[in-house]
Amino acid sequence: MSSYEAVTETKWVVTCMVGGVIVGVSLLGAYSSQLWKSRRRNKKPVRVYMDGCFDMMHYGHCNALRQARALGDQLIVGVVSDAEIIANKGPPVTPLHERLVMVNAVKWVDEVIPEAPYAITEEFMKKLFDEYKIDFIIHGDDPCVLPDGTDAYAHAKKAGRYKQIKRTEGVSSTDIVGRMLLCVRERSIAEKNHNHSSLQRQFSNGHSPKFEAGVSAATASGTRISHFLPTSRRIVQFSNGRGPGPDSHIVYIDGAFDLFHAGHVEILRLARDLGDFLLVGIHTDQTVSATRGSHRPIMNLHERSLSVLACRYVDEVIIGAPWEISKDMLTTFNISLVVHGTIAESNDFKKEECNPYAVPISMGIFKVLESTLDITTTTIIRRIVSNHEAYQNRNKKKDESEKRYYEGKSHVSEE
């Protein structure tokens with residue numbers, strides 16, 4: 001064999017070897033990719049469970065559900081029955097069917113279990129693991145205590161299937177009840193010489209009251225004192241992070257959305273069904289006070305904005321929307337339709353000299369939606385006022401249970 005033939009044969013062998021390596025690596029890469037995809041497809045989703053009363057649901061509840069959802073792939077939420085709440089805490093403000101509407105509307109919730117027990121018993125925990133395929137049970141870092149002072153999540157913790165999230169500071173159902181009761185008391189003091197006995201008169205269409213000596217406007221507005229400190233990060237966490245498409249049919253609805261309730265959720269659902277993108281305008285505290293009375297709103301602008309943003313039917317909000325809808329606003333946001341519900345604190349806009357919906361009405365893009373639930377913010381306030389003694393006892397009952405819980409923990413640590 002000549003030297004030329006030897007070199008040629010060597011090159012051929014090397015080429016075959018390199019080619020084989022390349023093909024082998026390519027096949028191995030393709031196999032690994034398919035295996036990874038197959039494993040991804042067959043991977044069991046992590047299902048997490050969180051329960052609660054979700055009475056007078058607020059942005060703190062929503063933030064808890066957001067955090068819980070981040071700990072898994074699917075969030076299953078148990079809503080405690082009316083009977084269980086009464087037995088363990090006292091009467092709920094909102095009945096079960098309204099609370100189910102609220103929880104189902106939260107965009108981080110995948111499934112809802114109605115009439116869940118207040119405490120995680122061994123029997124119910126087994127049902128969660130076996131029937132609902134739950135991997136972990138989630139609760140906040142605040143204690144959930146039974147009337148006897150024991151931990152409602154003791155069994156889940158013992159089973160090693162418990163995870164904890166951070167409680168949202170600055171808001172609680174107890175705090176909101178307190179704001180409403182203070183609202184009623186201060187309004188009564190400020191207007192006791194005006195014979196305004198009707199709650200509808202007090203809360204829906206009131207005007208700036210004439211304060212008697214010793215009662216200032218600041219004092220009477222005490223119901224709006226909030227410990228909530230809004231941050232851009234929290235707003236981003238609640239936002240969808242996407243805008244409308246170029247051809248989207250944008251529907252706009254505005255309001256106070258104070259004490260965000262099932263009536264709000266249902267009208268937002270109906271509004272969303274009319275288009276591709278739902279834009280919600282939330283009025284400022286000053287606007288709400290001017291149109292509905294100096295003691296409103298109960299929740300401030302940023303609290304109300306977060307509650308609305310957490311709703312799965314809402315795509316975007318305008319924080320501090322104008323009272324009157326202008327042509328410029330309709331053009332800026334490319335709004336196709338403006339809607340308003342039949343059930344509201346006041347529908348006097350039709351009679352007003354300066355109708356806030358005059359422009360969209362003149363353009364033929366205004367529609368009144370038939371509200372499916374006869375609930376307003378005043379409805380919620382009336383429930384609190386008529387049962388304020390029961391709610392005060394409820395809070396006292398909760399304090400006593402927590403006291404027994406911490407006393408029990410201190411005895412264990414001493415031993």
Side-chain angles (χ1 to χ4, degrees), residues 56-59 93-94 170-192 194 196-212 215-228 230 253-265 267 280-308 317-324 340-341 343-349 352 356 371 374-386 388 391:
M56 289 191 303
M57 194 161 183
H58 50 71
Y59 65 91
V93 178
T94 47
V171 67
S172 68
S173 297
T174 302
D175 166 56
I176 296 169
V177 169
R179 294 192 211 181
M180 284 187 275
L181 291 176
L182 182 61
C183 172
V184 175
R185 189 189 71 181
E186 297 290 358
R187 185 74 181 222
S188 176
I189 292 171
E191 298 188 349
K192 69 179 182 180
H194 294 270
H196 289 170
S197 59
S198 166
L199 269 175
Q200 183 66 33
R201 181 80 174 272
Q202 287 182 25
F203 291 103
S204 296
N205 300 309
H207 301 284
S208 298
K210 296 177 181 178
F211 301 101
E212 58 181 38
V215 181
S216 67
T219 302
S221 299
T223 54
R224 291 199 297 273
I225 293 173
S226 169
H227 300 293
F228 174 64
I253 185 171
D254 62 1
F257 298 100
D258 196 15
L259 297 177
F260 195 65
H261 53 69
H264 291 138
V265 167
I267 203 66
V280 181
I282 303 173
H283 295 147
T284 65
D285 295 345
Q286 291 79 11
T287 297
V288 177
S289 293
T291 57
R292 301 186 184 181
S294 62
H295 291 74
R296 296 280 289 274
I298 302 297
M299 310 291 283
N300 70 35
L301 175 60
H302 289 93
E303 291 176 312
R304 292 182 283 120
S305 297
L306 289 181
S307 291
V308 175
V317 303
I318 299 176
I319 302 174
W323 174 251
E324 294 184 14
H340 190 275
I343 301 296
E345 293 289 331
S346 172
N347 277 317
D348 288 344
F349 68 87
E352 291 173 7
S371 302
D374 188 7
I375 305 170
T376 65
T377 302
T378 299
T379 305
I380 307 299
I381 295 174
R382 280 176 171 169
R383 292 175 185 174
I384 292 291
V385 172
S386 61
H388 70 279
Y391 297 126

*Asks:* Once side-chain contact (heavy atoms from CB on, under 4.5 Å) is applied, do any residues pair with I343, and if so which ones, sequence neighbours excluded?
*Replies:* S371, D374, T376
*Asks:* Is there a side-chain contact (heavy atoms from CB on, under 4.5 Å) between H264 and V308 once you walk through the steps?
*Replies:* CA-CA 9 Å; H264 291 138; V308 175; over 6 Å; no
*Asks:* When you look at I318 and I282, which way does the side-chain contact (heavy atoms from CB on, under 4.5 Å) test go after all the steps?
*Replies:* CA-CA 6 Å; I318 299 176; I282 303 173; over 6 Å; no
*Asks:* Could you point out which residue of R296, R292, R179 forms a salt bridge (Lys or Arg N to Asp or Glu O under 4.0 Å) with D258?
*Replies:* R296
*Asks:* List in chain and number order the residues that pass side-chain hydrogen bond (donor to acceptor under 3.5 Å, both in side chains) with H58, two or more places apart in sequence or in another chain; answer none if no residue qualifies.
*Replies:* none
*Asks:* Kindly write out the residues that satisfy side-chain contact (heavy atoms from CB on, under 4.5 Å) with S307, not counting sequence neighbours, or none if the list is empty.
*Replies:* Y59, F260
*Asks:* I'd like to know whether H283 forms a side-chain contact (heavy atoms from CB on, under 4.5 Å) with L301, so could you lay out the CA-CA distance, the side-chain angles of the two residues, the decisive distance to 0.1 Å, and finally the verdict.
*Replies:* CA-CA 7 Å; H283 295 147; L301 175 60; over 6 Å; no
*Asks:* Quick check for you: to the nearest 0.5 Å, what is the distance between H261 atom NE2 and T377 atom OG1?
*Replies:* 4.0 Å
*Asks:* Kindly compute the distance separating CG (D254) from NE2 (H340), expressed to the nearest 0.5 Å.
*Replies:* 7.0 Å
*Asks:* Evaluate the side-chain proximity of M180 to H295: yes if any heavy-atom separation is below 4.5 Å, no if none is.
*Replies:* no
*Asks:* Indicate the atoms forming the closest heavy-atom contact of V288 with A256, along with that distance.
*Replies:* CG2-CB, 3.7 Å
*Asks:* Find the distance between CG (L306) and CG (N300) and round it off to the nearest 0.5 Å.
*Replies:* 9.0 Å
*Asks:* Got a salt bridge between R304 and D285, using NZ or NE/NH1/NH2 to carboxylate O under 4.0 Å?
*Replies:* yes
*Asks:* For the pair R383 and T94, evaluate side-chain contact (heavy atoms from CB on, under 4.5 Å) and give the outcome as yes or no after the intermediate values.
*Replies:* CA-CA 9 Å; R383 292 175 185 174; T94 47; 3.6 Å; yes
*Asks:* Can you name the side-chain hydrogen bond (donor to acceptor under 3.5 Å, both in side chains) partners of T287, sequence neighbours left out?
*Replies:* T284
*Asks:* Identify the heavy atoms of I375 and A262 that sit nearest to each other, and give their distance.
*Replies:* CD1-CB, 4.3 Å
*Asks:* With rounding to the nearest 0.5 angstrom, report the CE to OG distance, M299 to S305.
*Replies:* 11.0 Å
*Asks:* So how far is it from I384 CD1 to T379 OG1, rounded to the nearest 0.5 Å?
*Replies:* 12.0 Å
